[in-house]
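What follows is one structure encoded as structure tokens, with my remarks underneath.
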Amino acid sequence: MRRRGARGRSARTIAIFIVAAMLFAGGGALACGYHNPSDIARGTLNYIYPKALYVRTAVWQAQNSGLLPPRPARVVKDLFAYQRIADGLQQLGDALALPPAPRFGFTVILLDSMLWSRYAPGESGFDVDVHVKGSKKGDAVLVTQSEVILALNAGSLSFDVAEVQGLIRLYGPVDRQEAVRSVLRGLPVDARADPPQGAEGASG
């Protein structure tokens, strides 16, 4: 029985690494929740980027506190959800400051849909490639949700507040993370966009 249990654990470990490799390499089967089930992909993402799923709890708390718009009382299937967030991701790229280096790029993954997008230098700023298969080697990876992207675009949320509140988590080389921070801090913010009374920084 012990040997069989050890074999079972080994098989599970191998399975985790296979799924992780598929996700990290951008396996199409797990790439996007708009077209495929994404629960397994989220679990694997959290394995590769520790505590990434904390973002989901932070978004829920921000919706309760008023930092983000409240969740709809009734969930209705939105046939244009993909197009709406794709436009939002593009809008974010259009608003970003110039890249700090010609080859600098970073990747965004949205936990609510498991949609990957990559931001890379273009002629006058950042070009956005929505629905890519994953991050490129050496990229900083920004983990968030669509609600946060829309709030950043609206100027109702600053990058610094979003990161402090745990609505955004960055992974990858430290220098690349700092470069992403410097770029996103240049987004326009409404002067009235302050954290609600009693909002606390996310822990962990």
Side-chain angles (χ1 to χ4, degrees), residues 16-33 38 40-59 85-86 88-122 125-153 157-187 201-204:
I16 288 173
F17 278 107
I18 289 174
V19 176
M22 290 174 65
L23 178 63
F24 196 70
L30 299 177
C32 173
S38 53
I40 295 175
R42 286 194 193 97
T44 307
L45 185 83
N46 198 59
Y47 182 82
I48 298 172
Y49 304 114
K51 299 184 179 181
L53 293 186
Y54 283 23
V55 168
R56 303 198 82 192
T57 301
V59 167
I85 191 54
L89 290 162
Q90 182 64 58
Q91 182 182 341
L92 182 71
D94 293 341
L96 291 179
L98 293 174
R103 295 186 179 181
F104 171 77
F106 65 97
T107 304
V108 173
I109 170 67
L110 302 180
L111 286 175
D112 46 330
S113 61
M114 291 306 296
L115 178 68
W116 295 83
S117 300
R118 190 166 192 276
Y119 291 71
F126 278 92
D127 289 337
V128 186
D129 194 358
V130 178
H131 208 318
V132 297
K133 292 183 177 181
S135 61
K136 285 194 174 182
K137 185 176 181 181
D139 270 4
V141 175
L142 187 153
V143 179
T144 190
Q145 291 206 166
S146 57
E147 299 93 337
V148 179
I149 296 295
L150 298 178
L152 290 172
N153 285 341
L157 181 70
S158 70
F159 170 80
D160 284 331
V161 169
E163 188 173 32
V164 167
Q165 296 295 320
L167 305 173
I168 285 173
R169 281 182 175 263
L170 281 168
Y171 299 87
V174 174
D175 60 329
R176 296 294 181 95
Q177 291 186 41
E178 287 303 318
V180 172
R181 287 187 179 97
S182 68
V183 167
L184 290 172
R185 281 173 179 148
L187 290 171
S203 61

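Values below: every heavy atom of this structure, side chains too, minus hydrogens, waters and symmetry copies.
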Using side-chain heavy atoms (C-beta onward) and a distance below 4.5 Å, is P100 in contact with V183? yes
pair R185-D160: side-chain heavy atoms closer than 4.5 Å: yes
Taking all non-hydrogen atoms of both residues, which atom of A162 and which atom of L157 are closest, and how far apart? CB-CD2, 3.8 Å
Side chain to side chain contact (heavy atoms under 4.5 Å, CB included) assessment of Y49 paired with R169: CA-CA 9 Å; Y49 304 114; R169 281 182 175 263; over 6 Å; no
G166 and A58 have their tightest heavy-atom pair at O-CB, 3.3 Å
In Å and rounded to the nearest 0.5 Å, what is the CG to CH2 distance from L45 to W116? 5.5 Å
R181: salt bridge (Lys or Arg N to Asp or Glu O under 4.0 Å) partners, not counting sequence neighbours: E163, E178
Side chains of L89 and Y119, heavy atoms from C-beta outward: is any pair under 4.5 Å? yes
Using the side chain to side chain contact (heavy atoms under 4.5 Å, CB included) rule, take V128 and L92 through it: C-alpha gap first, then chi angles, then the decisive distance, then the call. CA-CA 9 Å; V128 186; L92 182 71; over 6 Å; no
Does any non-hydrogen side-chain atom of I168 lie less than 4.5 Å from one of L152? yes
Expected output: side-chain D112 to main-chain Q145 donor-acceptor under 3.5 Å: no
Is the side chain of T107 donor-acceptor paired with the backbone N or O of R118 at a distance under 3.5 Å, no angle test? no
Write down the atom of F104, the atom of A179, and the distance for their closest heavy-atom approach. CE1-CB, 3.4 Å
What do the steps show when you test Y54 against N46 for side chain to side chain contact (heavy atoms under 4.5 Å, CB included), and what is the final call? CA-CA 9 Å; Y54 283 23; N46 198 59; 5.6 Å; no
Separation between CG of L167 and CZ of F159, rounded to the nearest 0.5 Å: 10.5 Å
Restricting to non-hydrogen atoms, name the atom on A140 and the atom on V180 that form the minimum distance, rounded to 0.1 Å. CB-CG2, 3.8 Å
For residues L187 and A95, report the shortest heavy-atom separation together with the two atoms involved. CD2-CB, 3.7 Å
Quick one: are I109 and L142 in side-chain contact, heavy atoms under 4.5 Å? no
Value for OG (S117) from CG (L110), rounded to nearest 0.5 Å, stands at 6.0 Å
Using modelled atom types and a 3.5 Å cut-off, is there a donor and acceptor pairing between side-chain atoms of Q177 and backbone atoms of G172? yes
Which word best sums up how the rings of F126 and F106 line up, parallel for under 30°, tilted for 30 to 60°, or perpendicular for over 60°? perpendicular
Give a yes or no answer on whether the side chain of R42 reaches the backbone of L111 with a donor-acceptor pair at less than 3.5 Å. yes
How close do D139 and P173 get, counting heavy atoms only, and between which atoms? O-CD, 3.8 Å
Rounded to the nearest 0.5 Å, how far does CZ of R56 lie from OG1 of T144? 11.5 Å
